[in-house]
Peer 1: 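Just dropping this structure here.
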Amino acid sequence: MPRAARTTDVFSAIAEPRRRELIGLLAGGGERAVGQLVRRLRIPQPAVSKHLGVLRRAGIVSVSRRGRSRLYRLNPRELKPVHDWVKTFERYWGHQLDRIKERAERKAKEQAAAAHPPHPEKGPS
């Protein structure tokens, strides 16, 4: 595993996929012991602890001790800079979603028309 990042920058801290996975596990709220996180991620405890250390230095998680256990909790407020930055690109996604919706509606109309062709008018017999 590469060395743990030595940064307090939120963007650098979440750049590693395992750290984003840890954030996802902690996003449910409450505190989680390192052992729980190790079992869920299925990677060695030292690797989980290194990732948690990076997230802690960036302020994304906080740690408390209960007996011999270290319990980690997500500080979602610290992810706001990421949300704010990503939000600047939302207009691109909205436009794409509108195009997808229009295309799907057009396709549905075409399929409905093909499934139920108009009946030819019967003339006088």
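Values below: every heavy atom of this structure, side chains too, minus hydrogens, waters and symmetry copies.
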Peer 1: If every non-hydrogen atom of Ile60 is compared with every non-hydrogen atom of Leu74, which pair is closest and at what distance?
Peer 2: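 Distance-wise, the nearest heavy atoms are O-CD1, 3.4 Å.
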
Peer 1: Report yes if some heavy atom in the side chain of Val10 is under 4.5 Å from a heavy atom in the side chain of Leu79; otherwise report no.
Peer 2: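 Yes, their side chains come closer than 4.5 Å.
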
Peer 1: Using side-chain hydrogen bond (donor to acceptor under 3.5 Å, both in side chains) as the criterion, point out the one residue from Arg73, Arg70, Glu31 that pairs with Ser64.
Peer 2: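 Per the side-chain hydrogen bond (donor to acceptor under 3.5 Å, both in side chains) rule, the option paired with Ser64 is Glu31, out of Arg73, Arg70, Glu31.
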
Peer 1: Report yes or no: does Asn75 contribute a side-chain atom to a donor-acceptor pair with the main-chain N or O of Glu78 at less than 3.5 Å?
Peer 2: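 Here the side-chain-to-backbone pair does not exist.
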
Peer 1: Between CD of Glu16 and NZ of Lys50, what distance do you get to the nearest 0.5 Å?
Peer 2: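 Separation between the atoms: 12.0 Å.
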
Peer 1: If you apply the rule side chain to side chain contact (heavy atoms under 4.5 Å, CB included), what do you find for Leu52 with Leu22, and how did you get there?
Peer 2: CA-CA 8 Å; Leu52 287 168; Leu22 276 167; 4.1 Å; yes

Peer 1: Are Arg106 and Glu110 packed together at the side-chain level, in the sense that at least one heavy-atom pair is separated by less than 4.5 angstrom?
Peer 2: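 In contact.
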
Peer 1: Hey, any chance Leu25 and Leu71 share a hydrophobic cluster, counting ILVMFWY side chains that come within less than 4.5 Å of each other, even indirectly?
Peer 2: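 In one cluster: no.
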
Peer 1: Measure the shortest side-chain to side-chain distance between Glu21 and Leu41 over non-hydrogen atoms and say whether it is less than 4.5 angstrom.
Peer 2: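 A side-chain contact exists here, since the closest heavy-atom pair is under 4.5 Å.
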
Peer 1: Do the side chains of Val34 and Gln45 get nearer than 4.5 Å, heavy atoms only?
Peer 2: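 Side chain of Gln45 against side chain of Val34, heavy atoms only: contact under 4.5 Å found.
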
Peer 1: Give a yes or no on this: more than 12 heavy atoms of other residues, nucleotides or ligands lie within 6.0 Å of atom CZ of Arg20.
Peer 2: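 More than 12 heavy atoms, drawn from other residues, nucleotides or ligands, come within 6.0 Å of this atom.
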
Peer 1: Examine the side chains of Arg18 and His51 and answer whether a donor and an acceptor come within less than 3.5 Å of each other.
Peer 2: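 No, no side-chain donor-acceptor pair sits under 3.5 Å.
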
Peer 1: Got a donor-acceptor contact below 3.5 angstrom from the Arg19 side chain to the Ala13 backbone?
Peer 2: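 A pair under 3.5 Å: yes.
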
Peer 1: Would Glu90 and Lys87 count as a salt bridge (charged side-chain N to carboxylate O under 4.0 Å, His left out) if you check the C-alpha gap in whole Å, the side-chain angles of each, and the deciding distance to 0.1 Å?
Peer 2: CA-CA 5 Å; Glu90 187 175 37; Lys87 192 155 179 60; 2.8 Å; yes

Peer 1: Does any part of the side chain of Leu55, heavy atoms only, come nearer than 4.5 Å to the side chain of Leu26, both counted from C-beta?
Peer 2: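 SC-SC contact between Leu26 and Leu55 ruled out.
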
Peer 1: So, do Glu105 and Lys109 sit near enough that their side-chain heavy atoms are less than 4.5 Å apart?
Peer 2: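 Sidechains of Lys109 and Glu105: no contact.
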
